[in-house]
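Atoms within each ligand, like the ligands themselves, are counted from 1 in listed order.
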Amino acid sequence: MNVDKQFKRYYAKEVSNLSEGTVSIVRGWVEDIRPLGKLTFITVRDRTGLAQIVLNKNIVGDETFKLGENLSRQSIIEVLGKVQKSKSQNVPMEILAEKLVVLSRSKPPFPIDPTGRVFSSLDKRLDARALDLRNPQVMAIFKIRHTVLKSIRETFYNLGFIEVNTPKIIGQAAEGGANLFKLSYFEKKAYLAQSPQLYKEQLTMSLEKVFEIAQYFRAEKSNTLRHVCEFTSLDMEAAYMDEFDVMDVAEEVVYNVIKDVEKENAEEIEILKVKLPKIERPFKRISYTEAIEKLKEKESIEWGEDLQTKDLRILGRIFKEFYFIYHWPLAIKPFYIERLDDKLSKSFDLMYGYLELASGGKRVSSREELERRLIEQELDPKDFEYHLKAFDYGMPPHSGWGLGVDRLLMVVTGRNNIRETILYPRDPKRLVP
Ligand code: AMO
């Protein structure tokens, strides 16, 4: 049985702005119950915040009053009542209930306290993620994530990009074979996509400028705070752009994300007690060679080495905000990145402090060069025949990048563990829920 549908449902947060006497329906979960003689105060939370409900025995009658008194926390209720001024501190308006319906009765005890008053480890919280999300701090992260995704899409639409969806079950590796999840696909071998790399490049032949937001899979046994086995990537690829053009696009995307979160998530930022990153445009751009020079002042490192966490930590102390490291050694970049000269490639990474957020570059657009690069990297061109053929159909020069959305969320929400920014994270130890 539902309460009277002819009345409007208000979100909990709206109640305090309603005028006295407004008839309102409120739905949500019970956070607290305080019986006080002939009155019972119920705090109901929904995704917007809290509302106070007052049950008066004389108004709702014995049966409903008992129902209210005996409610278990986290149960879902629906209340119909009139808005009145409240005598409680910090609660300007409350609902004096006329009807109360229990839509779902919870069954305590609970594995975690979703009000956050009692500390639970991240592991315990992730085991009970559905309940954990009732914690306003946790919910704030995903409300911000929503803004970030929306902002990204808007930027790309404004820049004239087309949103695409490429396959996630693939027959050939896109990023080399080392970290592929294998699966059986009827009689054939298949893999979960590590990235949309080859597809997005091919799409520049026709759609010219594309972007995709999707999940990708890496079978890496890395138990770090910034790696997961399933991550969300924002990928873009554009014909007739070079590496510096697409760095500008990355900067625009990140800048708009921060501005949009600032505008739309003031409440969530407050709940999380974080400061949004300072954003100064243009982002600093240092070459790999310059980065090595800087590092040499602090540690022993040779030109040509890939930058390890310890190196990135040093750079992160020098460059605290967003910055690019461009033109990396060819030997440590994937086969599809175009060469600049004998030693260097037209590649870049977007960093935030020590954290790599994105990597990309200008791509090889000749079939012969791509074959050479595959062989150099000990990959078999035969495995890439479908992709190589596309280059014979006329491939425009093109560039692009892939950005870890979960990592960007770490930066925006001030979390140091990537698992906090993913609803149901997958890592080498976690496959459920
Ligand atoms: P790359 O492998 O550097 O490049 O990935 C791009 C970005 O994706 C994020 N990322 C991850 N995030 C969480 N967990 C992981 N295991 C993980 N792996 C990657 C990072 C990283 O910067 N095809 C190229 C991109 C391109 O050139 O367009 C690629 O996949 O933030």
Side-chain angles (χ1 to χ4, degrees), residues 148 152 161 164 166 168 170 173-181 192-204 209-238 241-243 245-247 249-250 253-254 257 306-307 309 312 322-326 328 330 332-338 345-365 373 377 387 398-412 415-422 425-428 430:
V148 168
I152 290 170
F161 279 70
V164 297
T166 62
K168 305 297 163 250
I170 55 168
E175 306 277 340
N179 54 7
L180 283 163
F181 281 109
L192 291 178
Q194 302 151 302
S195 85
Q197 186 62 37
L198 309 185
Y199 296 105
K200 65 176 180 169
E201 286 195 49
Q202 292 180 20
L203 293 174
T204 64
K209 298 199 286 186
V210 296
F211 80 100
E212 176 169 22
I213 302 173
Q215 276 132 291
Y216 295 97
F217 308 90
R218 306 261 169 118
E220 284 161 354
K221 283 216 163 138
S222 34
N223 289 301
T224 76
L225 297 179
R226 59 183 199 280
H227 289 92
V228 278
C229 297
E230 177 177 356
F231 68 102
T232 301
S233 179
L234 161 62
D235 278 88
M236 62 78 65
E237 201 68 32
M241 284 193 179
D242 67 18
E243 69 273 34
D245 297 328
V246 294
M247 280 158 79
V249 173
V253 168
V254 170
V257 160
D306 204 352
L307 302 185
T309 308
L312 295 174
F322 297 100
Y323 62 102
F324 291 102
I325 307 176
Y326 66 92
W328 293 67
L330 193 62
I332 56 173
K333 282 290 167 184
F335 63 89
Y336 46 79
I337 296 278
E338 194 166 86
S345 67
K346 296 183 179 174
S347 56
F348 64 85
D349 282 3
L350 169 64
M351 309 291 301
Y352 181 78
Y354 82 98
L355 188 66
E356 179 200 310
L357 289 179
S359 70
K362 183 151 196 277
R363 321 300 192 178
V364 174
S365 52
R373 295 291 309 284
Q377 302 213 351
H387 184 55
H398 58 281
S399 303
W401 43 257
L403 177 148
V405 172
D406 319 299
R407 288 193 186 176
L408 180 59
L409 254 295
M410 289 170 71
V411 172
V412 178
R415 305 295 101 174
N416 70 357
N417 191 335
I418 194 167
R419 292 160 186 79
E420 297 262 14
T421 70
I422 300 172
R426 295 286 175 259
D427 65 24
R430 181 172 288 279

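- A salt bridge is defined here as a Lys NZ or Arg NE, NH1 or NH2 lying under 4.0 Å from an Asp or Glu carboxylate O, and Lys200 with Glu237 meets this definition.
- For Glu338 and Lys346, the salt-bridge test passes: some basic side-chain N is under 4.0 Å from an acidic carboxylate O.
- The protein residues lying under 4.0 angstrom from ligand 1, judged by non-hydrogen atoms, are Glu175, Ser195, Gln197, Lys200, Arg218, Glu220, Arg226, His227, Val228, Phe231, Tyr336, Glu356, Leu357, Ala358, Ser359, Gly360, Arg363, Trp401, Gly402, Gly404, Arg407, Ile418.
- When the options Asp427, Asp406, Leu409 are evaluated for a side-chain contact (heavy atoms from CB on, under 4.5 Å) with Ile418, the one that passes is Asp406.
- When only modelled atom types and interatomic distance are considered, Tyr336 and Glu175 share a side-chain donor-acceptor pair under 3.5 Å.
- The closest side-chain donor-acceptor pair between Arg226 and Thr309 falls under 3.5 angstrom.
- Under the side-chain contact (heavy atoms from CB on, under 4.5 Å) test applied with Asp349, the options Trp328, Phe324, Trp401, Tyr323 reduce to a single match, Trp328.
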